[in-house]
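Everything numeric here is computed off the predicted structure, so don't read it as measured data. Both ligands and their constituent atoms are indexed starting at 1 by order of listing.
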Amino acid sequence: MPEQTDSLLEEALQALEAASDAAALQVWRTGYLGRKGQVSELMKLISTLPKEERPAFGQAANELKRTLETAFEARQEALAREELAGELAAEGLDVTLPGRPIGPGHLHITTQTLRQNYAIFAEMGFQVYESPDVETDELNFGLLNMPPHHPARDMWDTFWISDEIVLRTHTSPGQIRVMRERHPEPIRVILPGKCYRYEQITARSEHQFYQVEGLAVGHGITMTDLIGTLTEFARRLYGPERRIRIRGSYFPFTEPSIEADMDCILCLGEGCRVCKQSGWLEIGGAGMVHPVVLQNGGYDPEEWSGFAFGLGVERPAMLKYEIDDIRLFYGNDLRFLRQF
Ligand SMILES: [Zn+2]
């Protein structure tokens, strides 16, 4: 019986050597190793043998099968290598060709908007002051005149990290930080940064967004300075003909508090869909720094006064570029981002 396996092995290896492409290899595989191939047929003979010869025959047949499988894989690899070498030789491989260029990126629309703000405020003497996104409850609320259980805390849906730590709901905690760092010097800073609110994400609202907070502390600073600053900002950003309207408002950390509107840049005050027919667009909340907040920052409210304001970043950009969905800003869709 070993003669049978030996002759089959020899024949199969010769045929394998002769198989010179993938199709021929498959024919060979089916013919020898397939379910009805020659090796299977050989194995069927085992039942016709006398009992004592069966183990030796079975062993020889299995060995044959393994040998042929290994030879098949080796031949397959060799053919693949030959094929690749042939292709390279035919097409030529120029290793000196430059790689595919990666184009330069550009600034995100939010970054561009922020930098416009920085430039305008820098010309008015405001420095940029950065403060952390993760804040203590005390800085985000308590020192801004909202002690625990103060009802005004409900104005902000808050992400709590622990009982004491929050993702800042506004950039205002930076006011306390900069006052404590700079006192008793006068202050003129903007505090740009991301804010976080536990809110449903829709086309109109995101759970993270940018604010640019402004703070000025000095001797004899009045509401007139605040209104003048906001007016100047709006005119530099949206054109010298802009008009500003002031309405009374409420924030726990300013007294008195205001909301500032400017005449609608789309309809020039006539009334349109964007300004809801009012002719006015809200640009931000502001007010005179509350005496308690000044005190918490280390300034004596008898001697010092100041104003603070908070401006949006994404919303004005939406107006300017007619973007109708705020979720596009941080959706990482290059088709959107490349437009700016
Ligand atoms: Zn309008």
Is there a side-chain contact between R236 and N117 (heavy atoms, below 4.5 Å)?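 Sidechains of N117 and R236: no contact.
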
By side-chain contact (heavy atoms from CB on, under 4.5 Å) - contacts of E185 (at least two apart):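 side-chain contact (heavy atoms from CB on, under 4.5 Å) check on E185 returns nothing, list empty.
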
For the Zn ion (ligand 1), every protein N/O/S atom that sits closer than 2.8 Å, waters excluded: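 C264 SG, C267 SG, C272 SG, C275 SG, with waters left out.
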
Regarding Q175 and R180, is there a side-chain donor-to-acceptor distance under 3.5 Å anywhere? no

Would F329 and E206 count as a side-chain contact (heavy atoms from CB on, under 4.5 Å) here? Give the steps. CA-CA 10 Å; F329 280 82; E206 255 282 9; over 6 Å; no

Could you give the side-chain donor-acceptor pairs of residues 155-162 under 3.5 Å, partners two or more places apart or in another chain?
{"residue": "T158", "atom": "OG1", "partner": "W156", "partner atom": "O", "Å": "3.0"}
{"residue": "S162", "atom": "OG", "partner": "E164", "partner atom": "N", "Å": "3.2"}
{"residue": "S162", "atom": "OG", "partner": "I165", "partner atom": "N", "Å": "3.2"}

Once ring pair (Phe, Tyr, Trp, His ring centres under 6.0 Å) is applied, do any residues pair with F141, and if so which ones, sequence neighbours excluded? none

